[in-house]
Amino acid sequence: PAFAVAPVHRRLFGSFVEHMGRCVYTGIYEPDHPSADADGLRGDVLDLITELGPTMVRYPGGNFVSGYRWEDGVGPKEDRPVRRELAWHSTETNQFGLDEFMRWARGLDIEPMMAVNLGTRGIQEALDLHEYANHPGGTALSDLRAANGSPDPHAIRMWCLGNEMDGPWQLGHKTAREYGRLAAETARALRTAEPGLELVACGSSGRSMPTFGAWEAEVLGECYDEVDFVSLHAYYEEHDGDLRSFLAAPADMDRFIEEVVATADHVGARRKSSKRIMLSFDEWNVWYLSRFHREQAENPPSDWPVAPRVIEDRYSVADAVVVGGMLNSLLRHADRVTAASQAQLVNVIAPIMTEPGGRAWRQSIFHPFARTAAAARGRVLRVEPSAPRHDTALYGEVSLLDAAATHDPESGRAALFLVNRSTDTPMEVSADLRGLDGVAAASALTLSDDDVYAANTADDPDRVVLKENKDVRLDGGRLTAVLPPVSWTCVELAGPTPA
Ligand code: AHR
């Protein structure tokens with residue numbers, strides 16, 4: 001326990017709601033659904049979100065935000081304009097907007113993370129949104145909020161200055177210099193309005209972007225003193241049946257995080273600044289992105305549907321194991337990654353799926369997220385497992401064991417999060433826990449299956465679940481466990497029994 005990385009920041013277990021596909025409409029919001037409440041929120045989805053346990057949710061995009069006019073989504077619903085939505089080629093009805101989102105988030109005790117449009121818009125619109133959302137009252141926009149039913153300010157603390165502005169696909173895409181200047185000036189204006197805000201500058205939309213590294217250096221060169229966070233986005237998928245590489249994706253995520261830390265600290269060093277920029281990993285997940293690109297190329301969108309099915313990936317056991325490993329990567333870097341959002345929450349590359357008017361169910365990736373969010377408490381401990389290693393085509397040599405651990409000094413509770421990356425061999429793990437005074441075995445749950453491509457569906461929603469791992473023992477402070485191939489395991493340890 002002396003080797004603590006950092007506190008387990010609750011914001012690490014964030015999620016993301018974008019106006020994209022069916023995340024909002026027929027996802028969280030569906031007034032005609034039999035389980036809907038008076039606000040039109042699906043009750044079955046609210047229950048699953050509560051079980052999943054996200055602590056913070058980023059909203060309203062994503063690529064969507066770069067063409068969004070926030071004011072379209074407030075006020076009487078019958079007066080809200082219907083708009084063309086260019087990021088995902090659909091029609092936005094604006095029946096759900098800022099005030100509905102805030103009611104939804106507060107009802108679930110979720111912290112909001114608000115993104116402003118720095119694609120087609122700029123400083124004035126960001127200030128207007130802030131005045132509407134956070135100003136106490138007595139001004140045109142704060143009074144409008146009150147008239148729209150929210151007299152109390154929404155008190156949104158964390159704000160993203162745009163989205164993926166490095167990406168040529170982004171509406172209003174900018175060079176690093178252009179964006180860095182705009183981010184700095186928007187941040188300065190927002191802080192003049194409210195000094196305590198926490199602001200996130202856009203980093204790269206992926207480690208493989210040609211501008212990665214240079215982008216962060218140049219953007220932070222412009223706005224280092226004005227922002228608190230730089231963002232990272234990463235999506236992984238299995239390419240051409242290369243399961244070995246896919247399971248090693250969290251090692252790539254480790255490198256990505258460490259490179260962004262190095263780049264940010266380099267900018268800080270050149271400025272002789274004692275300030276440290278934190279990392280907001282505000283989009284991460286498994287996403288079969290190359291399939292999406294292929295489908296788009298073969299079938300370019302021609303119509304403008306409302307809430308179409310977009311990137312509704314069906315997740316397997318292997319995908320869930322990678323998600324578990326990505327959570328480990330976030331935990332391992334908890335000293336610098338202090339906020340993260342899995343993308344997204346419902347239907348769109350999501351842990352929760354719904355049928356319009358029908359059922360809702362948990363995807364395989366729901367399980368490692370929910371368990372880690374519940375079990376990781378206190379401080380992240382530094383673990384240096386020694387394990388066999390193997391080569392991967394995409395990410396080089398990696399350890400077969402991916403591990404993270406947390407310990408709560410107050411309750412004495414601890415948790416180990418273990419991934420066996422071997423595609424064919426069980427792994428026997430042994431851990432010396434004598435330093436964790438008197439911990440007792442509590443539970444060990446494993447996600448694995450003979451068919452690593454098994455997935456949950458509406459008709460078979462519990463095909464992939466966590467199962468008790470009976471091969472975990474604690475004896476004289478030594479924990480032993482057997483991890484099946486391609487598996488994710490959470491071992492929870494109770495604190496010492498009071499005398
Ligand atoms: O999460 C899906 C999309 O991925 C987001 O809109 C965008 O920011 C990213 O490219």
Side-chain angles (χ1 to χ4, degrees), residues 14-25 27-28 54 56-68 70 85-90 92 101 113-120 159-174 179 183 200-212 215 219 229-237 249 253 256 279-296 301 307-315 319 322-323 326 339-353 363 365 369:
S15 189
F16 176 33
V17 166
E18 176 166 2
H19 282 247
M20 172 178 181
R22 298 192 309 115
C23 186
V24 172
Y25 304 108
I28 63 177
M56 186 177 71
V57 168
R58 181 167 174 252
Y59 176 84
N63 295 344
F64 170 81
V65 80
S66 296
Y68 184 46
W70 65 268
E85 199 292 293
L86 294 174
W88 305 107
H89 214 281
S90 53
E92 173 57 53
F101 171 72
M113 181 190 199
M114 189 60 54
V116 302
N117 174 355
L118 291 188
T120 59
W159 295 73
C160 300
L161 302 170
N163 175 70
E164 294 191 347
M165 300 308 304
D166 64 320
W169 58 86
Q170 201 71 212
L171 277 174
H173 161 63
K174 295 177 175 45
Y179 170 68
V200 187
C202 293
S204 294
S205 43
R207 184 171 182 249
S208 59
M209 290 297 288
T211 49
F212 170 57
W215 173 272
V219 165
F229 293 86
V230 63
S231 72
L232 297 84
H233 292 179
Y235 294 103
Y236 294 97
E237 64 184 298
M253 189 163 169
F256 185 23
L279 276 51
S280 170
F281 215 125
D282 47 40
E283 285 187 34
W284 68 268
N285 207 350
V286 170
W287 175 10
Y288 286 83
L289 184 57
S290 42
R291 185 165 64 209
F292 171 68
H293 284 152
R294 209 170 39 244
E295 285 167 5
Q296 291 265 303
R309 289 182 186 270
V310 187
I311 59 169
E312 298 197 0
D313 287 6
R314 200 174 87 153
Y315 289 117
D319 297 328
V322 171
V323 162
M326 294 176 89
S341 299
Q342 188 183 36
Q344 300 188 5
L345 184 58
V346 187
N347 288 329
V348 177
I349 46 171
I352 298 169
M353 294 299 293
Q363 294 234 57
I365 62 168
F369 187 103

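When a ligand or atom number is given, it counts from 1 through the structure's own listing order.
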Asks: Would you mind running through ligand 1 and noting each atom that sits below 4.0 Å from a heavy atom of Glu164?
Replies: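 Numbered from 1, ligand 1 contributes 7 (C), 8 (O), 9 (C), 10 (O).
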Asks: Write out the residue and atom name of the closest protein heavy atom to atom 2 (C) of ligand 1, then the distance separating them to 0.1 Å.
Replies: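 Looking only at protein heavy atoms, the one closest to atom 2 (C) of ligand 1 is Gln344 NE2, 3.5 Å.
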Asks: Name the closest protein heavy atom to atom 8 (O) of ligand 1, giving the residue it belongs to and the distance to 0.1 Å.
Replies: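 Scanning the protein heavy atoms, the shortest distance from atom 8 (O) of ligand 1 goes to Glu283 OE2, 2.7 Å.
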Asks: Given Trp88, Tyr235, Trp287, Trp284, which one has a non-hydrogen atom that is nearest to atom 1 (O) of ligand 1?
Replies: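 Shortest heavy-atom distance from atom 1 (O) of ligand 1: Tyr235.
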Asks: Describe, in one word, how the ring planes of Tyr25 and His19 are oriented to each other, choosing from parallel (under 30°), tilted (30 to 60°) and perpendicular (over 60°).
Replies: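 Plane angle over 60°, so perpendicular.
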Asks: Any side-chain donor-acceptor pair under 3.5 Å between Asn163 and Ser66?
Replies: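 Per modelled atom types, Asn163 and Ser66 side chains form no pair under 3.5 Å.
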Asks: Do Phe256 and Leu279 pass the side-chain contact (heavy atoms from CB on, under 4.5 Å) test, and can you show the C-alpha distance, the side-chain angles, and the key distance before you say yes or no?
Replies: CA-CA 11 Å; Phe256 185 23; Leu279 276 51; over 6 Å; no
Asks: Which of the atoms of ligand 1 are close to Phe16, meaning less than 4.0 Å from one of its heavy atoms?
Replies: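 Selected atoms, number and element: 1 (O).
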Asks: So is there a nitrogen or oxygen of Asn63 less than 3.5 Å from a nitrogen or oxygen in ligand 1?
Replies: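 The answer is yes, given that Asn63 and ligand 1 share an N or O pair closer than 3.5 Å.
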Asks: Short N/O distance, under 3.5 Å, between Trp169 and ligand 1?
Replies: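 Trp169 vs ligand 1: no N/O contact under 3.5 Å.
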Asks: Show which atoms of ligand 1 fall inside a sub-4.0 Å distance from at least one heavy-atom site of Glu18.
Replies: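 Counting atoms of ligand 1 from 1, those under 4.0 Å from Glu18 are 5 (C), 6 (O).
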Asks: Mind checking whether Asn63 and Gln170 have side chains closer than 4.5 Å, heavy atoms only?
Replies: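 Result yes, sub-4.5 Å side-chain heavy-atom pair found.
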Asks: How about Tyr179 and His173: are their ring centres within less than 6.0 Å of each other?
Replies: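 So the answer is no for these two rings.
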Asks: Going from CH2 on Trp287 to CD1 on Ile311, what distance comes out if it is rounded to the nearest 0.5 angstrom?
Replies: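 Trp287 CH2 to Ile311 CD1: 4.0 Å, rounded to 0.5 Å.
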Asks: Could you work out, with salt bridge (charged side-chain N to carboxylate O under 4.0 Å, His left out) as the rule, every residue matching Arg314, not counting sequence neighbours?
Replies: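 With sequence neighbours excluded, Arg314 shows a salt bridge (charged side-chain N to carboxylate O under 4.0 Å, His left out) to no residue whatsoever.
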Asks: Under 4.0 Å, heavy atoms only, figure out whether ligand 1 is touched by the backbone of Asn163, its side chain, both or neither.
Replies: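 Answer for Asn163: side chain.
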